[in-house]
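Have a look at the structure below, then the notes.
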Number of protein chains: 2
Amino acid sequence: MRSASEDLSTRARIRDAAVALFGRDGFGTTTVRAIAAAADVSPGLVLHHFGSKDGLRQACDRYVVEEFVGRKDEMTRDATSAIARWLADVDRFHPLIDYLARMLSSGTTAADELFDALLTGTSRMLDEQIAAGIMREPEDRDILALYLTLHGLAPLVMRRQVTRGLGLDQLSEEGIRRSTIPILDLYTHGLYSDDRMLVAAREALTRTSGPRSDKGENDPNQDPDPPRPRRS
Amino acid sequence: MRSASEDLSTRARIRDAAVALFGRDGFGTTTVRAIAAAADVSPGLVLHHFGSKDGLRQACDRYVVEEFVGRKDEMTRDATSAIARWLADVDRFHPLIDYLARMLSSGTTAADELFDALLTGTSRMLDEQIAAGIMREPEDRDILALYLTLHGLAPLVMRRQVTRGLGLDQLSEEGIRRSTIPILDLYTHGLYSDDRMLVAAREALTRTSGPRSDKGENDPNQDPDPPRPRRS
DNA sequence: TCGGATGCTGAACGCATGTTTAATATGCTA
DNA sequence: TAGCATATTAAACATGCGTTCAGCATCCGA
């Protein structure tokens with residue numbers, strides 16, 4: 001059996017190298033030899049430890065899921081210090097985030113598991129905050145929790161774009177400093193100046209129209225736009 | 001030179017097959033032979049048309065970007081009917097979305113280009129709506145536009161999770177019907193019952209504290225949580 | 001001290017890959 | 001119709017892949 005202490009050293013080094021390369025280049029593009037070289041071992045040893053390349057992938061999946069989910073509780077208990085620790089050595093986790101991004105956009109069961117855990121966490125947080133009167137009672141808690149989870153994940157999955165748009169790494173202290181207020185502003189005051197759009201959409205939907213679906217022309221959730229067929 | 005009409009037929013069939021397979025399985029995992037089989041041609045023909053596998057990838061990148069960005073104007077002009085058309089044959093575009101998701105999470109320059117175009121569109125939309133009094137003046141237009149774009153993309157990039165959480169495809173009519181109101185509700189009334197959190201965060205940040213970054217414990221943007229190192 | 005298990009290496013194997021090439025069919029142009 | 005470019009194929013090629021294997025070193029319990 002595999003003890004926790006054995007998980008360090010060589011085996012862990014191989015796993016870390018695999019996570020980094022899988023995350024950066026994708027599973028298919030990354031070779032066992034490249035992983036072995038990055039971990040400074042022979043290709044044979046990689047297979048010795050993980051059975052096959054796919055076994056290595058599964059081990060990486062399990063590791064990343066546990067690494068993220070396992071810290072969830074910690075976070076909800078003491079968010080501030082957890083964030084401080086996070087910022088302390090953020091570099092160490094960029095590979096994990098890149099791997100996570102690939103997991104979430106390609107549909108493995110490990111990704112489902114991870115997403116479910118995060119969704120549950122968000123739901124629980126929502127319930128608590130609403131009970132405490134910090135958050136208002138929303139239209140639909142479940143769907144809100146779903147989209148809040150998606151919104152929270154988006155900057156991680158598209159980290160590169162956030163970095164480009166912000167001009168600096170979002171996960172750096174300066175990045176958080178710049179984005180915190182605008183995001184909290186959005187989540188506090190909303191986007192619209194009144195509930196015209198909401199009322200209009202609600203009315204349009206209760207008309208239970210047939211093929212003509214109407215989100216309201218100004219729903220920002222339309223972004224990005226769907227293409228239409230070249231020729232009807 | 002390559003005319004537009006030639007872009008149909010065989011060459012287009014190969015490209016479409018490649019987009020579908022790259023999107024589903026990733027670039028490295030997908031073989032030229034698999035693409036050829038899906039397009040019902042010989043492997044040699046794929047290389048004849050696109051030079052190399054990587055040339056094919058670039059052609060797919062260009063195609064997907066144009067397909068999404070090219071429809072952007074159309075959308076802003078008449079969103080409702082564009083959505084209706086979209087819903088009419090949504091199946092045709094699932095491959096494009098999967099491909100898009102992979103593009104955005106792996107950092108190609110084509111993905112950057114696409115994201116920039118979408119971001120510009122969101123910014124313009126924001127300006128218009130604010131000028132029209134439909135939306136309020138936000139804390140920071142640029143950062144808001146960035147995050148709104150991310151939020152809009154998130155359900156596409158993590159389509160599988162939305163489908164799982166909603167119990168049905170988000171891009172179906174029923175899916176849109178179920179998620180429109182909660183999302184508009186979020187963007188209309190916000191999340192918090194008052195501006196306690198915002199004020200607290202603002203104050204914490206202006207204290208220009210050193211290593212201790214404070215987002216406020218209840219910022220939903222903390223989701224998912226960063227892991228911390230095993231041992232300090 | 002022994003002996004088996006485990007960690008690890010380097011070379012080798014077989015195979016599937018991306019790509020090339022020669023040859024054939026097809027269609028366009030003059 | 002002649003001729004040339006293009007579309008297409010099947011086969012062959014070279015490479016790099018995941019994987020296997022034999023062998024050596026190192027540890028650890030008896």
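Letters go in sequence order (proteins before strands), and every chain restarts at 1. Please read all numbers here as calculations on a predicted model, not as lab measurements.
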Locate the shortest heavy-atom distance separating B/G152 from B/P155; write the atom from each residue and the value. O-CD, 3.3 Å

Go through D/dT20, D/dT9, C/dT9 for me and flag the one nearest to the A/L45 side chain. C/dT9

Which residue lies more 5' along DNA chain C, comparing B/D54 with A/V41 via nearest heavy atoms: A/V41

Quick one: is C/dA16 close enough that its OP1 or OP2 comes under 4.0 Å of any side-chain N or O from B/T31? no

Would you mind checking if B/D112 and A/R164 are paired as a salt bridge, meaning a charged N to carboxylate O distance below 4.0 Å? yes

Could you give the CD1-to-P distance, from B/I14 to C/dG18, as a whole number of Å? 14 Å

Separation of C/dT19 atom P from B/F50 atom CZ, nearest Å, is 13 Å

Without decimals, in angstroms, what is the distance between B/I35 CD1 and C/dA16 C1'? 15 Å

Any side-chain N or O of B/H49 less than 4.0 Å from the OP1 or OP2 oxygen of D/dT8? yes

Ignoring hydrogens and angles, does a donor from either the side chain of A/R33 or the base of D/dG16 sit under 3.5 Å from an acceptor on the other? no

How about B/R160: does its CZ atom have over 12 heavy atoms from other parts shown lying under 6.0 Å from it? yes

Whole angstrom value for the distance that separates P of D/dT6 from CZ of B/R11: 13 Å

Closest to the A/S42 side chain: C/dG10, C/dT19, D/dT9? C/dG10

Cation-pi check, B/R11 onto B/F50 ring (under 6.0 Å, within 45° of axis): yes

Output yes when A/R57 and A/D54 qualify as a salt bridge under the 4.0 Å nitrogen-oxygen rule, no when they do not. yes

Separation of A/D40 atom CG from C/dG10 atom P, in whole Å? 11 Å

To the nearest Å, how far apart are A/F27 CZ and D/dC17 P? 14 Å

Take the protein atom NZ of B/K53 and the nucleotide atom P of C/dT19, then report the distance between them rounded to whole Å. 8 Å

With a 4.0 Å cutoff (strictly under), does any side-chain N or O of A/H48 reach OP1 or OP2 of C/dC8? no

How long is the line joining CG of A/L47 and C1' of D/dT19, in whole Å? 6 Å

